Amino acid sequence: MYLAVSPVVDPTATGGPAHWRLRPVAPDGAAAGPERRVDAAGLAGAELERPRWLMDAAARVYPDLLAAGCPVRRSHDVTLTERILLARDGRSGEPSSAAAVHARARGLTVPTDPDPAARDGQPGLFESGDAGPEQVDPLEALATAIADQHRRIGSDNALRLLVAAESASGLAAAEMGFAGLPWDVREHDRLLTAALGPRPVGGARPVKLAALAGQISAAFGFEVNPDSVTDVRNAFRRSGFDIESTGRWVLRELAHPAAGLVLQYKELSRLYTANGWNWIADWVRDGRLHSEFVPGGVVSGRWATRGGGGLQIPRAIRAAARAEPGYRLVVADAAQLEPRVLAALSADPALQAVSTDADLYAGLAADGFGGDRAAAKLAMLGAMYGQTSGEAGRLLGTLRSRYPAAVACVEAAARQGEAGGVVRSVLGRTSPPPGGTWRAVVATGTDETASDADRRRAREYARSWGRFTRNFVVQASAADWAAVWLSTLRRELASLSGAELVFFQHDEVVVHAPQQHAAAVAEIAIEAAEQARDLVFPGATASTPVRPMIVGGYAEAK
DNA sequence: GCGGGGGGCGCC
DNA sequence: AAAGGGCGCCCCCCGC
């Protein structure tokens with residue numbers, strides 16, 4: 001049974017909906033009780049009955065519920081679910097809102113998805129006074145959508161698990177955006193000032209950057225703007241270094257006094273522009289970093305973020321992520337998740353055995369790489385990413401001889417992609433099919449009359465897509481595991497008052513918890529990982545351990 | 001003046 | 001023989 005929820009927006013009011021409409025709905029879409037119209041207190045009362053809430057999209061609905069004081073335990077997220085189901089049908093990118101699902105199921109004109117970014121102050125899709133022919137009652141749309149999705153999911157247990165975990169991820173993401181990551185602005189400012197000098201006024205460069213820019217020009221003997229790739233490249237060419245790119249890997253090899261200075265400049269400049277004082281002003285409010293997390297924002301099922309670069313908090317400023325007084329951060333990450341997932345996915349006995357090592361790469365090294373951990377790691381990453389050249393390519397043979405099933409698993413995925421096919425994660429997330437351009441290029445290159453250049457280009461395209469699908473099966477299955485881990489962890493966390501998820505990044509969570517609950521949170525993280533392994537890879541002997549650390553500041557965790 | 005593409009770099 | 005996957009965001013640059 002579900003409880004469908006839909007906000008009632010008054011276009012003239014600000015600060016979110018004052019009322020919500022609720023309706024019990026059976027899995028087949030039939031109304032299972034009368035509709036209610038409730039305020040915040042009514043919402044909270046309804047949640048006490050522990051329903052599975054049925055919502056259009058947590059990203060659109062849940063922030064207002066949280067603001068109204070109604071944290072939700074369980075949900076079915078029509079939009080997140082629809083993305084998964086559409087991808088399985090090779091229809092990624094089609095509208096996925098409840099209204100769209102409803103329209104498709106009823107053969108009506110499908111509305112485009114509401115844009116969450118353009119929603120503030122605007123009446124929602126269904127609330128505009130003049131209902132057009134394609135407007136549908138939102139509760140009606142939800143009822144149609146759950147029935148339709150139930151039918152399409154059927155009895156596929158893996159898919160059911162994926163949909164449940166994805167829906168829970170939607171809740172977790174909204175909660176994390178709402179809570180924010182505790183952020184010590186004074187510590188951040190201290191780090192910035194130490195690296196860059198005091199915060200500049202106006203548009204001036206910080207003093208350290210200005211000094212480096214001056215030294216760079218002096219080293220060349222003429223004026224060079226280190227912010228300009230073109231400028232830097234031309235300067236090195238004038239100085240006798242014929243470089244194509246100004247990337248780190250190129251500059252590192254240059255025997256010119258400016259090279260090291262440019263590298264220093266780039267590092268500091270990135271800190272200043274990407275995570276400097278402006279970033280604080282934009283994304284930190286009341287001591288919390290508020291990123292918008294977007295579950296399923298990546299085709300593989302990984303999360304993305306909108307704004308703040310929430311998944312790219314550089315190590316240089318992690319010391320600013322600090323627990324509040326009386327609290328601790330519990331940082332739990334699944335170390336070396338992807339090779340462990342490959343072990344489980346491929347059921348390779350030898351790799352599963354090695355995966356029980358705390359350091360999988362050390363185990364690999366001992367198992368066939370003469371103790372050379374770096375080589376073992378390179379070979380494993382190369383196999384998962386599709387690297388065929390260099391040392392990784394040479395080491396692939398060793399990997400294949402030791403772990404034939406694991407290598408065969410990723411190579412089968414690569415062949416599937418090279419042929420234009422799709423692949424699936426362990427729980428059934430499906431890769432997108434290649435686009436029209438790809439098909440055209442590959443078709444041209446395989447024609448009898450194709451030129452050598454056309455053939456080469458076609459091979460390149462095919463191989464590139466093969467690398468994508470090769471990596472997809474591992475990355476997406478890791479994302480499946482992580483979603484189940486996160487949702488299990490989140491569910492158990494509800495029993496510890498004051499503990500909240502504040503950060504999630506692919507294979508790592510941060511929980512902000514009262515000091516006295518920190519140890520329990522760590523235990524929950526460990527157990528949730530074991531449950532995730534059993535749910536996502538039933539029967540697998542591979543291990544996907546997490547090692548939580550209880551710290552005051554994020555920087556202490558690594 | 002604006003937007004898109006590209007180079008580059010941060011994270012996993 | 002074969003030139004490693006996924007992102008977001010910054011700046012510059014160029015074309016309109």
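These numbers were taken from a predicted model, which means no experiment stands behind them. Reminder, nothing fancy here: chain letters follow the sequence lines and each chain counts from 1.
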- Lys/Arg cation over aromatic A:Y361: A:R373, 6.0 Å, 45° cone: no
- Query: Could A:R199 and A:D189 be called an ion pair, given the rule that one side-chain N must be under 4.0 Å from one carboxylate O?
  - Reply: no
- Can you pull the contact range of chain A along DNA chain C, 5' to 3', using atoms under 4.0 angstrom from its heavy atoms? C:dA2 to C:dC13
- Atom of A:S228, atom of A:D231 and distance for their closest heavy-atom approach: OG-N, 3.0 Å
- Provide the closest heavy-atom pair for A:H188 versus A:N275 in the form atom of the first, atom of the second, distance. NE2-O, 2.9 Å
- Message: Counting only heavy atoms and a strict 4.0 angstrom limit, can you tell me which residues of residues 223-248 of chain A come near DNA chain B?
- Response: A:V229, A:S245, A:T246, A:G247, A:R248
- Dot-bracket encoding per residue of DNA chain C, Watson-Crick/G-U cut-off under 3.5 Å, | denoting interstrand: ....||||||||||||
- Quick one, which residues of residues 462-483 of chain A touch DNA chain C with a heavy atom under 4.0 Å? A:R463, A:R467, A:F468, A:N471, A:Q475
- Query: Going by the salt bridge (charged side-chain N to carboxylate O under 4.0 Å, His left out) test, which pairs reach into residues 255-278 of chain A, not counting sequence neighbours?
  - Reply: none
Between side-chain atoms of residues 238-255 of chain A and protein atoms elsewhere (two or more places apart, or another chain), which donor-acceptor pairs fall under 3.5 Å?
unit_1 : atom_1 : unit_2 : atom_2 : d
A:S239 : OG     : A:A235 : O      : 2.8
A:S245 : OG     : A:G247 : N      : 2.8

- Item | Closest non-hydrogen atom pair, A:S477 against A:V341 | CB-CG1, 3.6 Å
- Task: Test for a donor-acceptor pair under 3.5 Å between the base of B:dC11 and the side chain of A:R315, counting only N and O atoms.
- Result: no
- Message: What is the separation between atom CZ on A:R252 and atom C1' on B:dG8, rounded to the nearest whole Å?
- Response: 14 Å
- Let me know the distance between OH of A:Y265 and C1' of B:dG7, rounded to the nearest Å. 15 Å
- Any side-chain heavy atom of A:V410 sitting closer than 4.5 Å to one from A:L342? yes
